[in-house]
Novice: 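I'd like to ask you about the structure that follows.
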2 protein chains.
Amino acid sequence: MTGKTGKRKTRERLLVAACEMFARDGFHNARVADICCLAGANVASVNYYFTNKTTLYIETWKYAFQQFEEPAFSDNAKGTPEATLKKYIHAIMKDFTAKGRMGYFSRLYLMELARPTGLIQDTWRELIEPRRQKLHHIIRKIMGKNADNDKVLLCELSIINQCRTLLTIKHSDLEYLLNKKFNSDLIKSLADHIAEFSLAGIKAIGNFNE
Amino acid sequence: MTGKTGKRKTRERLLVAACEMFARDGFHNARVADICCLAGANVASVNYYFTNKTTLYIETWKYAFQQFEEPAFSDNAKGTPEATLKKYIHAIMKDFTAKGRMGYFSRLYLMELARPTGLIQDTWRELIEPRRQKLHHIIRKIMGKNADNDKVLLCELSIINQCRTLLTIKHSDLEYLLNKKFNSDLIKSLADHIAEFSLAGIKAIGNFNE
DNA sequence: TCAGTATTCAAACAGTTGTTTAAAATAAAG
DNA sequence: CTTTATTTTAAACAACTGTTTGAATACTGA
(Lines give C-alpha, C1' and ligand atoms only; values in the text may rest on other atoms or scores of the structure.)
Protein backbone atom coordinates (compact mmCIF):
# COMPACT_ATOMS: atom_id res chain seq x y z
CA MET A 1 0.00 0.00 0.00
CA THR A 2 2.44 2.60 -1.14
CA GLY A 3 0.40 5.33 -2.72
CA LYS A 4 -2.97 6.51 -3.89
CA THR A 5 -2.75 4.51 -7.07
CA GLY A 6 -2.73 1.33 -5.09
CA LYS A 7 0.12 -1.12 -4.99
CA ARG A 8 2.24 -0.66 -8.05
CA LYS A 9 4.87 -3.16 -9.00
CA THR A 10 8.24 -2.67 -7.39
CA ARG A 11 9.97 -2.24 -10.71
CA GLU A 12 7.80 0.70 -11.65
CA ARG A 13 8.02 2.23 -8.19
CA LEU A 14 11.78 2.11 -8.57
CA LEU A 15 11.60 3.85 -11.94
CA VAL A 16 9.37 6.60 -10.59
CA ALA A 17 11.66 7.12 -7.62
CA ALA A 18 14.69 7.07 -9.90
CA CYS A 19 13.16 9.78 -12.11
CA GLU A 20 12.68 11.94 -9.08
CA MET A 21 16.13 11.42 -7.63
CA PHE A 22 18.15 11.48 -10.84
CA ALA A 23 16.33 14.62 -11.99
CA ARG A 24 16.98 16.31 -8.67
CA ASP A 25 20.52 15.17 -7.87
CA GLY A 26 21.98 13.90 -11.14
CA PHE A 27 23.37 10.45 -11.72
CA HIS A 28 26.38 10.62 -9.44
CA ASN A 29 24.84 12.43 -6.51
CA ALA A 30 21.74 10.24 -6.41
CA ARG A 31 22.17 7.24 -4.14
CA VAL A 32 20.81 3.83 -4.90
CA ALA A 33 19.86 3.45 -1.27
CA ASP A 34 17.81 6.66 -1.37
CA ILE A 35 16.03 5.66 -4.56
CA CYS A 36 15.10 2.34 -3.00
CA CYS A 37 13.99 4.06 0.16
CA LEU A 38 11.77 6.46 -1.78
CA ALA A 39 10.34 3.53 -3.70
CA GLY A 40 9.74 1.62 -0.50
CA ALA A 41 11.92 -1.21 -1.70
CA ASN A 42 15.02 -2.98 -0.54
CA VAL A 43 18.51 -1.93 -1.62
CA ALA A 44 19.01 -5.16 -3.47
CA SER A 45 15.94 -4.59 -5.62
CA VAL A 46 17.88 -2.36 -8.02
CA ASN A 47 20.29 -5.17 -8.68
CA TYR A 48 17.41 -7.61 -8.97
CA TYR A 49 15.46 -5.64 -11.55
CA PHE A 50 18.17 -3.64 -13.31
CA THR A 51 21.49 -5.38 -12.60
CA ASN A 52 23.17 -2.10 -11.58
CA LYS A 53 22.83 1.64 -11.15
CA THR A 54 23.93 2.45 -14.69
CA THR A 55 21.30 0.24 -16.28
CA LEU A 56 18.72 1.73 -13.95
CA TYR A 57 19.67 5.17 -15.24
CA ILE A 58 19.26 4.14 -18.85
CA GLU A 59 15.93 2.47 -18.17
CA THR A 60 14.84 5.55 -16.23
CA TRP A 61 15.40 7.67 -19.32
CA LYS A 62 13.30 5.36 -21.44
CA TYR A 63 10.59 5.32 -18.82
CA ALA A 64 10.59 9.10 -18.50
CA PHE A 65 10.32 9.44 -22.25
CA GLN A 66 7.35 7.07 -22.31
CA GLN A 67 5.60 9.24 -19.73
CA PHE A 68 6.37 12.37 -21.71
CA GLU A 69 3.83 13.65 -24.16
CA GLU A 70 5.49 15.97 -26.62
CA PRO A 71 3.68 19.29 -26.33
CA ALA A 72 1.95 20.51 -29.44
CA PHE A 73 3.75 23.65 -30.49
CA SER A 74 1.25 24.33 -33.22
CA ASP A 75 4.00 24.71 -35.75
CA ASN A 76 1.47 25.16 -38.50
CA ALA A 77 0.81 27.93 -40.94
CA LYS A 78 -1.62 29.72 -38.64
CA GLY A 79 0.62 31.78 -36.40
CA THR A 80 3.66 33.77 -37.33
CA PRO A 81 6.99 32.06 -36.70
CA GLU A 82 7.67 34.77 -34.13
CA ALA A 83 4.62 33.74 -32.15
CA THR A 84 5.55 30.09 -32.54
CA LEU A 85 9.01 30.74 -31.14
CA LYS A 86 7.50 32.44 -28.13
CA LYS A 87 5.16 29.52 -27.57
CA TYR A 88 8.01 27.08 -27.92
CA ILE A 89 10.16 28.84 -25.37
CA HIS A 90 7.30 29.08 -22.93
CA ALA A 91 6.57 25.38 -23.38
CA ILE A 92 10.21 24.46 -22.79
CA MET A 93 10.43 26.55 -19.66
CA LYS A 94 7.18 25.20 -18.30
CA ASP A 95 8.23 21.61 -18.92
CA PHE A 96 11.57 22.09 -17.27
CA THR A 97 10.03 23.30 -14.07
CA ALA A 98 7.03 21.00 -14.13
CA LYS A 99 6.52 18.83 -11.09
CA GLY A 100 5.57 15.19 -11.41
CA ARG A 101 5.50 12.88 -14.37
CA MET A 102 5.24 15.39 -17.18
CA GLY A 103 8.45 17.07 -16.05
CA TYR A 104 10.61 13.98 -15.58
CA PHE A 105 11.93 13.84 -19.09
CA SER A 106 12.64 17.53 -19.37
CA ARG A 107 14.34 17.63 -16.01
CA LEU A 108 16.50 14.61 -16.79
CA TYR A 109 17.31 16.17 -20.14
CA LEU A 110 18.50 19.41 -18.62
CA MET A 111 20.36 17.61 -15.87
CA GLU A 112 22.19 15.57 -18.46
CA LEU A 113 23.01 18.79 -20.30
CA ALA A 114 24.31 20.39 -17.14
CA ARG A 115 26.15 17.36 -15.78
CA PRO A 116 26.76 14.98 -18.65
CA THR A 117 27.25 11.37 -17.71
CA GLY A 118 27.74 10.11 -21.24
CA LEU A 119 25.81 7.01 -20.28
CA ILE A 120 22.86 7.55 -22.56
CA GLN A 121 24.63 8.71 -25.69
CA ASP A 122 22.90 6.04 -27.75
CA THR A 123 19.38 7.11 -26.87
CA TRP A 124 20.40 10.75 -26.56
CA ARG A 125 20.28 11.74 -30.19
CA GLU A 126 17.31 9.54 -30.88
CA LEU A 127 15.29 11.34 -28.20
CA ILE A 128 16.76 14.81 -28.44
CA GLU A 129 17.12 15.33 -32.17
CA PRO A 130 13.36 15.69 -32.81
CA ARG A 131 13.16 18.48 -30.25
CA ARG A 132 16.13 20.22 -31.78
CA GLN A 133 14.77 19.90 -35.30
CA LYS A 134 11.56 21.60 -34.28
CA LEU A 135 13.37 24.62 -32.86
CA HIS A 136 15.67 24.62 -35.86
CA HIS A 137 12.78 24.98 -38.29
CA ILE A 138 11.19 27.79 -36.34
CA ILE A 139 14.41 29.76 -36.26
CA ARG A 140 15.02 29.18 -39.94
CA LYS A 141 11.59 30.54 -40.77
CA ILE A 142 12.41 33.73 -38.89
CA MET A 143 15.87 34.11 -40.38
CA GLY A 144 14.85 33.33 -43.93
CA LYS A 145 15.09 30.22 -46.09
CA ASN A 146 18.64 30.72 -47.30
CA ALA A 147 19.99 31.30 -43.83
CA ASP A 148 23.42 29.92 -43.11
CA ASN A 149 23.03 26.64 -41.26
CA ASP A 150 25.78 27.50 -38.79
CA LYS A 151 24.03 30.70 -37.86
CA VAL A 152 20.80 28.86 -37.20
CA LEU A 153 22.67 26.42 -35.00
CA LEU A 154 24.31 29.17 -33.00
CA CYS A 155 20.95 30.79 -32.42
CA GLU A 156 19.62 27.46 -31.23
CA LEU A 157 22.44 27.21 -28.74
CA SER A 158 21.90 30.77 -27.59
CA ILE A 159 18.27 30.06 -26.80
CA ILE A 160 18.78 26.69 -25.17
CA ASN A 161 21.59 27.96 -23.02
CA GLN A 162 19.51 30.81 -21.74
CA CYS A 163 16.77 28.40 -20.78
CA ARG A 164 19.27 26.15 -19.08
CA THR A 165 19.74 28.85 -16.46
CA LEU A 166 16.80 27.45 -14.60
CA LEU A 167 18.67 24.28 -13.82
CA THR A 168 22.27 25.35 -13.50
CA ILE A 169 21.57 28.29 -11.26
CA LYS A 170 20.15 27.38 -7.92
CA HIS A 171 16.64 28.67 -7.33
CA SER A 172 17.79 30.45 -4.22
CA ASP A 173 20.51 32.25 -6.18
CA LEU A 174 18.01 33.27 -8.85
CA GLU A 175 15.72 34.61 -6.14
CA TYR A 176 18.64 36.56 -4.70
CA LEU A 177 19.64 37.98 -8.07
CA LEU A 178 16.19 39.05 -9.18
CA ASN A 179 14.78 39.67 -5.73
CA LYS A 180 11.64 37.74 -6.57
CA LYS A 181 10.01 34.53 -5.41
CA PHE A 182 10.59 31.51 -7.57
CA ASN A 183 7.17 30.59 -8.90
CA SER A 184 5.32 30.10 -12.16
CA ASP A 185 4.97 33.85 -12.68
CA LEU A 186 8.73 34.28 -12.51
CA ILE A 187 9.12 31.46 -15.02
CA LYS A 188 6.72 33.20 -17.36
CA SER A 189 8.51 36.51 -17.14
CA LEU A 190 11.83 34.77 -17.72
CA ALA A 191 10.35 33.06 -20.75
CA ASP A 192 9.05 36.39 -22.00
CA HIS A 193 12.46 37.93 -21.64
CA ILE A 194 14.25 35.08 -23.39
CA ALA A 195 11.72 35.10 -26.23
CA GLU A 196 11.99 38.83 -26.80
CA PHE A 197 15.75 38.93 -26.39
CA SER A 198 16.27 36.00 -28.71
CA LEU A 199 13.81 37.09 -31.34
CA ALA A 200 15.75 40.30 -31.79
CA GLY A 201 18.98 38.33 -31.78
CA ILE A 202 17.80 35.97 -34.48
CA LYS A 203 16.60 38.79 -36.69
CA ALA A 204 19.87 40.66 -36.28
CA ILE A 205 21.87 37.60 -37.24
CA GLY A 206 19.57 36.99 -40.18
CA ASN A 207 19.63 40.51 -41.54
CA PHE A 208 23.37 40.71 -41.10
CA ASN A 209 23.81 37.96 -43.63
CA GLU A 210 21.56 39.15 -46.41
CA MET B 1 63.54 19.36 -9.29
CA THR B 2 59.98 19.44 -10.44
CA GLY B 3 59.78 21.98 -13.22
CA LYS B 4 61.48 24.60 -15.27
CA THR B 5 61.01 27.25 -12.61
CA GLY B 6 63.25 25.33 -10.29
CA LYS B 7 62.12 23.77 -7.04
CA ARG B 8 59.04 25.56 -5.84
CA LYS B 9 57.71 24.99 -2.38
CA THR B 10 55.40 22.05 -2.02
CA ARG B 11 52.53 24.23 -0.86
CA GLU B 12 52.55 26.25 -4.05
CA ARG B 13 53.01 23.21 -6.25
CA LEU B 14 49.89 21.80 -4.61
CA LEU B 15 47.96 24.99 -5.32
CA VAL B 16 48.99 25.01 -8.98
CA ALA B 17 48.06 21.36 -9.36
CA ALA B 18 44.77 21.97 -7.55
CA CYS B 19 43.90 24.82 -9.95
CA GLU B 20 44.45 22.50 -12.86
CA MET B 21 42.48 19.60 -11.47
CA PHE B 22 39.59 21.52 -9.90
CA ALA B 23 39.18 23.59 -13.05
CA ARG B 24 39.14 20.48 -15.21
CA ASP B 25 37.13 18.07 -13.05
CA GLY B 26 35.30 20.19 -10.51
CA PHE B 27 35.55 19.81 -6.76
CA HIS B 28 33.94 16.43 -6.36
CA ASN B 29 35.46 14.67 -9.34
CA ALA B 30 38.97 15.86 -8.63
CA ARG B 31 40.88 13.45 -6.43
CA VAL B 32 43.27 14.52 -3.71
CA ALA B 33 45.58 11.70 -4.74
CA ASP B 34 45.71 12.98 -8.32
CA ILE B 35 46.39 16.54 -7.24
CA CYS B 36 49.25 15.38 -5.08
CA CYS B 37 50.57 13.20 -7.87
CA LEU B 38 50.51 16.12 -10.32
CA ALA B 39 52.26 18.27 -7.74
CA GLY B 40 54.85 15.56 -7.14
CA ALA B 41 53.94 15.44 -3.47
CA ASN B 42 52.70 12.85 -1.06
CA VAL B 43 49.00 12.27 -0.42
CA ALA B 44 49.34 13.43 3.15
CA SER B 45 50.74 16.80 2.10
CA VAL B 46 47.25 18.18 1.49
CA ASN B 47 46.37 17.45 5.06
CA TYR B 48 49.70 18.84 6.22
CA TYR B 49 49.38 22.17 4.43
CA PHE B 50 45.62 22.62 4.14
CA THR B 51 44.02 20.36 6.76
CA ASN B 52 41.57 18.90 4.23
CA LYS B 53 40.28 18.96 0.66
CA THR B 54 37.66 21.62 1.32
CA THR B 55 40.17 24.09 2.71
CA LEU B 56 42.46 23.33 -0.21
CA TYR B 57 39.60 24.26 -2.55
CA ILE B 58 39.02 27.58 -0.83
CA GLU B 59 42.73 28.41 -0.81
CA THR B 60 42.92 27.40 -4.47
CA TRP B 61 40.31 30.02 -5.30
CA LYS B 62 42.25 32.71 -3.48
CA TYR B 63 45.46 31.66 -5.17
CA ALA B 64 43.83 31.62 -8.61
CA PHE B 65 42.46 35.08 -8.01
CA GLN B 66 45.91 36.34 -7.04
CA GLN B 67 47.29 35.02 -10.31
CA PHE B 68 44.48 36.62 -12.26
CA GLU B 69 44.99 40.03 -13.74
CA GLU B 70 41.66 41.61 -14.50
CA PRO B 71 41.69 42.39 -18.21
CA ALA B 72 41.32 46.02 -19.11
CA PHE B 73 38.01 46.33 -20.91
CA SER B 74 38.64 49.96 -21.71
CA ASP B 75 35.31 50.96 -20.29
CA ASN B 76 36.07 54.58 -20.93
CA ALA B 77 34.38 57.23 -22.97
CA LYS B 78 36.39 56.49 -26.08
CA GLY B 79 34.53 53.61 -27.68
CA THR B 80 30.82 53.17 -28.04
CA PRO B 81 29.18 50.96 -25.42
CA GLU B 82 28.37 48.56 -28.26
CA ALA B 83 32.05 48.12 -29.04
CA THR B 84 32.84 47.79 -25.35
CA LEU B 85 30.31 44.99 -24.98
CA LYS B 86 31.86 43.15 -27.87
CA LYS B 87 35.31 43.52 -26.32
CA TYR B 88 34.01 42.36 -22.98
CA ILE B 89 32.44 39.22 -24.40
CA HIS B 90 35.57 38.40 -26.36
CA ALA B 91 37.68 38.88 -23.24
CA ILE B 92 35.43 36.62 -21.19
CA MET B 93 35.47 33.89 -23.80
CA LYS B 94 39.21 34.08 -24.21
CA ASP B 95 39.78 33.90 -20.47
CA PHE B 96 37.52 30.95 -20.07
CA THR B 97 39.43 28.93 -22.59
CA ALA B 98 42.86 30.20 -21.69
CA LYS B 99 45.44 27.62 -20.78
CA GLY B 100 47.72 28.05 -17.82
CA ARG B 101 47.73 30.57 -15.01
CA MET B 102 45.69 33.32 -16.60
CA GLY B 103 42.78 30.97 -17.14
CA TYR B 104 42.66 29.35 -13.71
CA PHE B 105 40.33 31.84 -12.13
CA SER B 106 37.94 32.01 -15.06
CA ARG B 107 37.83 28.28 -15.39
CA LEU B 108 37.18 27.75 -11.69
CA TYR B 109 34.54 30.45 -11.87
CA LEU B 110 32.70 28.79 -14.71
CA MET B 111 33.06 25.37 -13.13
CA GLU B 112 31.53 26.69 -9.94
CA LEU B 113 28.71 28.17 -11.98
CA ALA B 114 28.13 24.88 -13.74
CA ARG B 115 28.54 22.62 -10.72
CA PRO B 116 28.08 24.72 -7.61
CA THR B 117 29.71 23.39 -4.47
CA GLY B 118 28.56 26.20 -2.22
CA LEU B 119 31.91 26.02 -0.49
CA ILE B 120 33.16 29.44 -1.48
CA GLN B 121 30.00 31.49 -0.96
CA ASP B 122 31.85 33.90 1.29
CA THR B 123 34.50 34.81 -1.24
CA TRP B 124 32.12 34.34 -4.16
CA ARG B 125 30.40 37.69 -4.10
CA GLU B 126 33.55 39.50 -3.10
CA LEU B 127 35.35 38.17 -6.18
CA ILE B 128 32.47 37.93 -8.64
CA GLU B 129 30.51 41.09 -7.96
CA PRO B 130 33.10 43.44 -9.52
CA ARG B 131 32.96 41.44 -12.75
CA ARG B 132 29.19 41.56 -12.76
CA GLN B 133 29.08 45.28 -12.07
CA LYS B 134 31.26 45.96 -15.07
CA LEU B 135 28.97 44.09 -17.43
CA HIS B 136 25.98 45.69 -15.75
CA HIS B 137 27.21 49.19 -16.54
CA ILE B 138 27.93 48.40 -20.15
CA ILE B 139 24.47 46.97 -20.67
CA ARG B 140 22.85 49.93 -18.95
CA LYS B 141 24.66 52.31 -21.23
CA ILE B 142 23.25 50.50 -24.25
CA MET B 143 19.73 50.27 -22.86
CA GLY B 144 19.57 53.81 -21.60
CA LYS B 145 19.99 55.38 -18.17
CA ASN B 146 16.46 54.86 -16.96
CA ALA B 147 16.42 51.23 -17.88
CA ASP B 148 14.57 48.90 -15.55
CA ASN B 149 17.11 47.22 -13.29
CA ASP B 150 15.43 43.82 -13.66
CA LYS B 151 15.71 44.02 -17.42
CA VAL B 152 19.40 44.79 -17.19
CA LEU B 153 19.86 41.82 -14.90
CA LEU B 154 18.03 39.49 -17.26
CA CYS B 155 20.22 40.65 -20.12
CA GLU B 156 23.27 39.98 -18.00
CA LEU B 157 22.06 36.45 -17.37
CA SER B 158 21.29 35.94 -21.04
CA ILE B 159 24.83 36.86 -22.01
CA ILE B 160 26.61 34.95 -19.27
CA ASN B 161 24.57 31.83 -19.89
CA GLN B 162 25.41 31.86 -23.55
CA CYS B 163 29.10 32.10 -22.74
CA ARG B 164 28.77 29.30 -20.25
CA THR B 165 28.16 26.95 -23.16
CA LEU B 166 31.86 26.54 -23.56
CA LEU B 167 32.13 24.78 -20.24
CA THR B 168 28.87 22.92 -19.88
CA ILE B 169 28.91 21.48 -23.36
CA LYS B 170 31.73 19.10 -23.98
CA HIS B 171 34.18 20.28 -26.62
CA SER B 172 33.63 17.11 -28.59
CA ASP B 173 29.87 17.73 -28.62
CA LEU B 174 30.40 21.30 -29.76
CA GLU B 175 32.66 20.04 -32.54
CA TYR B 176 29.98 17.58 -33.54
CA LEU B 177 27.23 20.19 -33.54
CA LEU B 178 29.09 22.83 -35.49
CA ASN B 179 31.25 20.47 -37.50
CA LYS B 180 34.34 22.53 -36.75
CA LYS B 181 37.55 22.04 -34.86
CA PHE B 182 37.66 23.46 -31.35
CA ASN B 183 40.32 26.16 -31.50
CA SER B 184 40.78 29.85 -30.90
CA ASP B 185 39.14 30.73 -34.22
CA LEU B 186 36.00 28.89 -33.21
CA ILE B 187 36.01 30.72 -29.89
CA LYS B 188 36.26 34.03 -31.71
CA SER B 189 33.37 33.23 -34.03
CA LEU B 190 31.30 32.11 -31.07
CA ALA B 191 32.11 35.35 -29.30
CA ASP B 192 31.14 37.28 -32.41
CA HIS B 193 27.83 35.50 -32.56
CA ILE B 194 27.04 36.03 -28.90
CA ALA B 195 27.98 39.71 -29.12
CA GLU B 196 25.83 40.34 -32.16
CA PHE B 197 22.92 38.25 -30.93
CA SER B 198 22.97 39.87 -27.51
CA LEU B 199 23.45 43.41 -28.71
CA ALA B 200 20.24 43.13 -30.70
CA GLY B 201 18.55 41.51 -27.72
CA ILE B 202 19.56 44.28 -25.36
CA LYS B 203 18.39 46.99 -27.73
CA ALA B 204 15.07 45.24 -28.25
CA ILE B 205 14.50 44.96 -24.52
CA GLY B 206 15.53 48.56 -24.07
CA ASN B 207 13.32 50.00 -26.80
CA PHE B 208 10.40 47.92 -25.66
CA ASN B 209 10.37 49.77 -22.38
CA GLU B 210 10.55 53.34 -23.54
C1' DT C 1 -2.00 -28.77 -0.27
C1' DC C 2 2.22 -28.80 -2.43
C1' DA C 3 6.09 -27.86 -5.42
C1' DG C 4 8.33 -24.51 -7.82
C1' DT C 5 9.18 -19.86 -8.97
C1' DA C 6 9.52 -15.05 -8.02
C1' DT C 7 10.41 -11.51 -4.85
C1' DT C 8 12.06 -9.35 -0.60
C1' DC C 9 15.22 -8.75 3.01
C1' DA C 10 19.25 -8.00 6.28
C1' DA C 11 23.74 -8.54 6.27
C1' DA C 12 28.15 -8.86 4.46
C1' DC C 13 31.36 -7.62 0.82
C1' DA C 14 34.31 -4.74 -2.22
C1' DG C 15 35.96 -0.58 -4.33
C1' DT C 16 37.01 4.10 -3.99
C1' DT C 17 38.65 8.07 -1.68
C1' DG C 18 39.52 11.46 2.09
C1' DT C 19 42.06 11.44 6.34
C1' DT C 20 45.28 10.14 9.97
C1' DT C 21 49.39 8.13 11.91
C1' DA C 22 53.95 7.26 13.17
C1' DA C 23 58.28 6.58 11.43
C1' DA C 24 61.93 8.20 8.28
C1' DA C 25 64.34 11.83 5.95
C1' DT C 26 65.75 16.47 5.55
C1' DA C 27 66.81 21.06 7.01
C1' DA C 28 67.92 24.43 10.57
C1' DA C 29 69.97 25.93 14.88
C1' DG C 30 73.26 25.81 18.56
C1' DC D 1 78.55 17.16 15.39
C1' DT D 2 74.37 17.13 18.07
C1' DT D 3 70.03 18.46 18.78
C1' DT D 4 65.74 20.21 17.37
C1' DA D 5 62.17 21.38 14.24
C1' DT D 6 60.25 20.77 9.78
C1' DT D 7 58.89 18.13 6.00
C1' DT D 8 58.09 13.81 3.49
C1' DT D 9 56.70 9.14 3.21
C1' DA D 10 54.20 4.57 3.17
C1' DA D 11 50.82 2.39 5.26
C1' DA D 12 46.76 1.95 7.77
C1' DC D 13 42.27 3.76 8.84
C1' DA D 14 37.44 5.23 8.23
C1' DA D 15 33.47 6.54 5.83
C1' DC D 16 30.61 6.12 2.04
C1' DT D 17 28.29 3.57 -1.45
C1' DG D 18 27.36 0.15 -5.13
C1' DT D 19 26.97 -4.76 -5.32
C1' DT D 20 26.35 -9.52 -3.95
C1' DT D 21 24.80 -13.27 -1.10
C1' DG D 22 21.84 -16.66 0.80
C1' DA D 23 18.08 -17.26 3.55
C1' DA D 24 13.22 -16.00 4.30
C1' DT D 25 8.82 -14.85 2.40
C1' DA D 26 5.12 -14.37 -0.96
C1' DC D 27 3.15 -15.82 -4.99
C1' DT D 28 1.56 -19.10 -8.82
C1' DG D 29 -0.23 -23.10 -11.02
C1' DA D 30 -1.28 -27.90 -10.74
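What you are looking at is a predicted structure, and each value in this text was computed from that prediction instead of being measured. So that the names make sense, note that chain A is the first sequence line, chain B the second, and so on, each numbered from 1.
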Novice: Return the set of residues passing side-chain contact (heavy atoms from CB on, under 4.5 Å) with R132(A) (not counting sequence neighbours), or none when no residue passes.
Specialist: I128(A), E129(A), L153(A), E156(A), L177(B)
Novice: In whole angstrom, what separates L56(A)'s CG from dT17(D)'s C1'?
Specialist: 15 Å
Novice: Please list, in numerical order, the residues of residues 46-55 of chain B that have a heavy atom closer than 4.0 Å to any atom of DNA chain C.
Specialist: N47(B), T51(B), N52(B), K53(B)
Novice: Do the side-chain N and O atoms of E59(A) and Y49(A) include a donor-acceptor pair separated by under 3.5 angstrom?
Specialist: no
Novice: Reading DNA chain D from 5' onward, which residue's closest nucleotide shows up sooner: A33(A) or A44(A)?
Specialist: A33(A)
Novice: Could you state the CG-C1' distance from N42(B) to dT9(D), rounded to the nearest angstrom?
Specialist: 5 Å
Novice: In whole Å, what is the span from the NE2 atom of H28(B) to the C1' atom of dT16(C)?
Specialist: 15 Å
Novice: If I take atom CG in residue L14(A) and atom C1' in nucleotide dC9(C), what distance separates them, rounded to the nearest angstrom?
Specialist: 14 Å
Novice: Tell me whether the NZ or CZ atom of K53(B) lies within the 45° cone about the ring axis of F27(B) and under 6.0 Å from its centre.
Specialist: yes
Novice: Quick one: D25(A) CG to dG18(D) C1', roughly how many Å, whole number?
Specialist: 16 Å
Novice: With side chains defined as the heavy atoms from C-beta onward, is the minimum distance between Q66(B) and F105(B) less than 4.5 Å?
Specialist: no
Novice: Which atoms form the tightest heavy-atom contact between S198(A) and Q162(A), and what is the distance?
Specialist: OG-NE2, 3.1 Å
Novice: Expressed as a whole number of angstroms, how long is the span from R11(B):CZ to dT8(D):C1'?
Specialist: 17 Å
Novice: Does a donor on one side chain sit under 3.5 Å from an acceptor on the other, for S158(A) and H193(B)?
Specialist: yes
Novice: For T10(A) and for R31(B), find the nucleotide of DNA chain C with the closest heavy atom, then tell me which residue's nucleotide is more 5'.
Specialist: T10(A)
Novice: Can you tell me how far P of dG18(D) sits from CE of M21(A), to the nearest Å?
Specialist: 11 Å
Novice: Could you tell me the separation between the CG atom of N29(B) and the C1' atom of dT17(C), rounded to a whole number of Å?
Specialist: 12 Å
